[in-house]
Amino acid sequence: MAEAADFPGMTPSPARRWLRRTGALLAGAPLLAGLLQLPAAPAQAVGRTSAKEASDAGTVAVAVDSLSPAAPTDGDTLTVSGTVTNNGKQAVTDAHVGLRLGSALTTRSAIDSAAKRADALSGNDGSEVGGKYVAEFAKLTPGVSEHFSISVPVDKLDLDDDGVYPLGVTLAGETSAQPWEQVLGVQRTFLPWQPDEADTPTRTTVLWPLVSTVHMSAETGSNAQQTPVFLNDDLAKELSPGGRLEQLLSLGKELDVTWVIDPDLLASVDAMTGNYRVRGDGDTTTAGTHQAVAKQWLGDLQEAVLGKEVVALPFADPDLASLAHNGTGVAGSLSQLKAATDVAATTVETVLHVTPDTDFAWPVDGAVDPSIVKVATSAGADKVIARSDSLTENGDLTYTPSAARPIGGGTTAVVADARLSTAFKGDLSKASTSTLAVQEFLAQSLALNLQTGKQRSAVVAPQRMPTTSQARSLAEAVSTLQGGTWSQSQQLAAAAKAKPDPGATTKVQPRSAYPSSLRKQELPRSAFEQIAYTQDRLDNFKVILANEARVVTPFGRAMNREMSTSWRGRSTAASSFRQGVQAYLDTLTGQVKLIDKSETKLSGRSATIPVTVQNNLVQGVDHLVLRLTSKNPTRLEISDEAYTEQRVTVSGGHTTTVKFTTSAKVNGQTTVVAQLYTEDGQKYGEEVAFDVRVTEITATVMLVIGGGVLLLVLAGFRMYTQRKRAAAREAEETDATEEDGENGAGEAGEPADGPENAGDRENRPENEKESGGRAGAADPEQPSDETPDTAVESADPSGTGERVDR
């Protein structure tokens, strides 16, 4: 009225201006109050949506904890239950929970869009079913949750054609600031509707993975059974009732699925059924005690896989992408993959007593590029499990094509559907998140089937190691799907052989398109270099062993584990495991070694040098050569060559000494090096160097020693002849005395020398005494007479300290 009273071109009076401003302020007051009372969006919604979408969330959080049946048919009663929580600051009065059914969604992308705005207030949710099919609350107190449950016959939902219907569960009520009924919270989910059997049901393959992290070390006991040593006892937790692997087994055996198994898991569980040890702090180990749990799980698995399709991954599930991107440039890396593939079938057959399919390779998350495909097929696989986000359709197809795609080189890519395969990621421990995941999975599966009347194959390849809650949600969805009307089960091998759609893409994305998030988790090149180094050390070690299988088998499997996909996101643990394998191998090889030697002194032209080899292994070693080398051959010569060598064989727990003959040329000190080698010329272990001090005997010394020996011989001969002559004279004198006594001699008779003997005396040689003759008894002793060295030899024993000539 004030504005109407103003005339054009005239300035309003002050009173009119005051009246107009006051009216505008009063009119805006309710709006301002409403804005001030508007609560913040729940934190959960903010985390999932953009800022704009978060502002569209209600003040009351609606959680759908259960929707049963998940895929209703004619005559069913739909029951929806859950909780509502008032996250605002004001109480909500005259509230009720109702169901709203929107128009059928005609495309898979429309389902994606609806899922992203599951709790946004704005949206076309249709009219409320209403009537008695609501849950009423007189008051919802801030911060308090209330349970609700609504059951409604499906014929009351006005479901028309087959399809996926958005189902909105809304909370309507009023607050003191907004005293009129309005929707304050909503949770949207999906209701798949296919009451009759589909004319061309989708042939769906569901992979059910039994994969775990690495649990066994390379270490084994020294006994005949080679008691295995586990890194920890985590595997027992997974196998125990309620554990992740126990849940996967109990859920999977009730479903028609393709079991995808890592043989390393089977080998580890099988090892747990007997004696095993668990590594503790430092180098200590304790005896394992979960044999019963392992036996139970393994027995249940053997029953579950009977008559089912089993696909065996290469042993320890090697990371194909890491190998393709970082390992092919390292010698021997592809050989490790081949070894892991070769042992896979044998392991599964031995433990489960079934023959697995080993023709499939499964890169992480089904992400492939040409290099990954090349590596995956290098070990013998001709089928690669990929995912549709790696082979994006860019043609004119208006539907999802079948899984099988020929990608060249005789290789078939079995393309898993990305939407179905990723439906159960994230935290599904809450009933509400699990229910939403199940309903979205079923909605996408039905939408895929309704795209065309053609028979198609679809593959569901979930994450390798789903959590317990993820496995339960997946099992619930698969169970509903297999009991539904638009899908039928199919084995993976059959899906790979299905006729491919001619319009489907067969071009693998380039390496540059590989997801960066996955690339960051890959094993680095250094990991493959360390594996190659360990393999070289093992090759050098095994050739000397009497029973190489005791070492080759556990270390071969340990190196397979070093390439495991399970190390993604755990780089520190992966590095620690590799270092542990290498350190243990170094410990074993160090059990065969040379014993250190101190300085050795040699005298003489030739001498023998002993070198000792010690073997602390429980088995014998052979095919070793010990080589001895002189650093100064001109002083100490080992042989005519630069070195000499001898073959070495040592029993387990023993030592042996090898002797080398050396030849000295000059005096002095020289260094000698002892080194073990394998028979093919590779060095084994550390060398042992020691000094040898040589005292050589010269020619002059030899002449002096020889002359002395000659003099000793001559002196001995002279002594011998003197004794013989003395004995002869003594005998002659004795005979002469006896003869004089018989002829008489004295004063009355003739002298003993009669006239007839006078001439004889005169004619006796003057030099008789010089020739060794002795004077008569009456002759005086002359100073020049020689005295005998000894008396006449006697047969009596020698006296104490007496010298005896022999």
Side-chain angles (χ1 to χ4, degrees), residues 202-209 257-261 308-314 317-321 323-324 334 337-338 340-342 344-345 348 355-395 397 399-421 448 452 454-462 464 488-511 513-514 565:
T202 305
R203 294 174 178 172
T204 306
T205 302
V206 178
L207 306 187
W208 200 257
V257 295
T258 294
W259 296 85
V260 181
I261 301 177
K308 299 294 182 65
E309 183 182 34
V310 176
V311 172
L313 299 172
D317 187 21
D319 192 335
L320 301 177
L323 180 56
L334 291 178
L337 175 61
K338 183 65 167 59
T341 302
D342 292 342
V348 175
T355 301
D357 192 333
T358 59
D359 293 336
F360 291 89
W362 189 14
V364 175
D365 287 354
V368 296
D369 60 33
S371 65
I372 297 175
V373 173
K374 184 177 181 180
V375 165
T377 57
S378 65
D382 59 359
K383 305 175 187 68
V384 179
I385 302 173
R387 209 167 65 186
S388 57
D389 45 4
S390 283
L391 281 85
T392 306
E393 297 299 327
N394 51 12
L397 285 181
Y399 58 88
T400 302
S402 280
R405 319 277 180 88
I407 56 176
T411 303
T412 299
V414 182
V415 183
D417 186 83
R419 290 183 174 96
L420 299 178
S421 300
L448 185 153
T452 178
K454 294 182 177 181
Q455 184 73 66
R456 287 168 296 156
S457 297
V459 173
V460 180
R464 270 175 161 72
Q488 64 183 28
S489 300
Q490 181 177 242
Q491 293 186 343
L492 182 61
K497 295 178 181 178
K499 183 178 179 180
D501 286 279
T505 183
T506 59
K507 183 179 179 180
V508 178
Q509 292 183 355
R511 183 167 178 170
Y514 188 80
T565 301

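Numbers here are sequence positions counted from 1.
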Exercise. Are T392 and Q509 close enough that a side-chain donor and a side-chain acceptor fall under 3.5 Å?
Worked result: yes
Exercise. Do the side chains of L207 and V460 get nearer than 4.5 Å, heavy atoms only?
Worked result: no
Problem set entry | Test item: D417 side-chain N/O and R419 main-chain N/O as donor-acceptor pair under 3.5 Å | yes
Problem set entry | Stepwise side-chain contact (heavy atoms from CB on, under 4.5 Å) test for T565 and R464 | CA-CA 9 Å; T565 301; R464 270 175 161 72; 4.0 Å; yes
Problem set entry | Test item: Q488 and T202 side chains (from C-beta on) under 4.5 Å apart, heavy atoms | no
Exercise. What are the two closest non-hydrogen atoms of G366 and W362, and how far apart are they?
Worked result: N-NE1, 4.3 Å
For this session: Considering non-hydrogen atoms only, spot the tightest contact between P363 and L320 and give its length.
Result: N-CD1, 4.1 Å
For this session: Search all heavy atoms of P314 against all heavy atoms of A344 and return the closest pair with its distance.
Result: CA-CB, 4.2 Å
Problem set entry | Verdict with reasoning, T258 to E309, per side-chain hydrogen bond (donor to acceptor under 3.5 Å, both in side chains) | CA-CA 5 Å; T258 294; E309 183 182 34; 2.7 Å; yes
Problem set entry | Nearest-0.5 Å distance, CD of residue E393 to OG1 of residue T505 | 5.5 Å
For this session: Check whether any side-chain heavy atom of D389 sits under 4.5 Å from a side-chain heavy atom of D365, and report yes or no.
Result: no
For this session: Report yes if some heavy atom in the side chain of V311 is under 4.5 Å from a heavy atom in the side chain of L492; otherwise report no.
Result: yes
Seminar exercise, completed: Minimal heavy-atom distance between P462 and P209, with the atoms involved, is CG-CD, 4.1 Å
Problem set entry | Polar side-chain atom of S421 near backbone of A418 as donor-acceptor pair, under 3.5 Å | no
Problem set entry | 4.5 Å side-chain heavy-atom contact, L334 and K338 | no
Problem set entry | Nearest non-hydrogen partners of A381 and A376, listed with the distance | CB-O, 3.6 Å
Seminar exercise, completed: In this structure, NZ of K497 is separated from NZ of K383 (nearest 0.5 Å) by 7.0 Å
Problem set entry | Evaluation steps, side-chain contact (heavy atoms from CB on, under 4.5 Å), between T358 and V348 | CA-CA 10 Å; T358 59; V348 175; over 6 Å; no
Exercise. Taking all non-hydrogen atoms of both residues, which atom of I385 and which atom of A461 are closest, and how far apart?
Worked result: CG2-CB, 4.4 Å
Problem set entry | Donor-acceptor contact below 3.5 Å, side chain R456 vs main chain L448 | yes
For this session: Decide yes or no on side-chain hydrogen bond (donor to acceptor under 3.5 Å, both in side chains) for Q490 and T204, but give the supporting numbers first.
Result: CA-CA 6 Å; Q490 181 177 242; T204 306; over 6 Å; no
Problem set entry | Full working for side-chain hydrogen bond (donor to acceptor under 3.5 Å, both in side chains) between Q491 and T205 | CA-CA 6 Å; Q491 293 186 343; T205 302; over 6 Å; no
Exercise. Hey, does V384 have a side-chain heavy atom less than 4.5 Å from the side chain of F360?
Worked result: no
For this session: Indicate yes or no: at least one non-hydrogen side-chain atom of P356 is less than 4.5 angstrom from one of I261.
Result: no
Problem set entry | Side-chain donor or acceptor of T411 paired with backbone N/O of I407 under 3.5 Å | no
Exercise. With no hydrogens and no angle check, is any side-chain donor or acceptor of D369 less than 3.5 Å from a backbone partner on S371?
Worked result: yes
Exercise. Are any of the side-chain heavy atoms of V260 and L313 separated by less than 4.5 Å?
Worked result: yes
Exercise. If only atom types and distance count, is the side chain of D501 paired as donor or acceptor with the main-chain N or O of S402 below 3.5 Å?
Worked result: yes
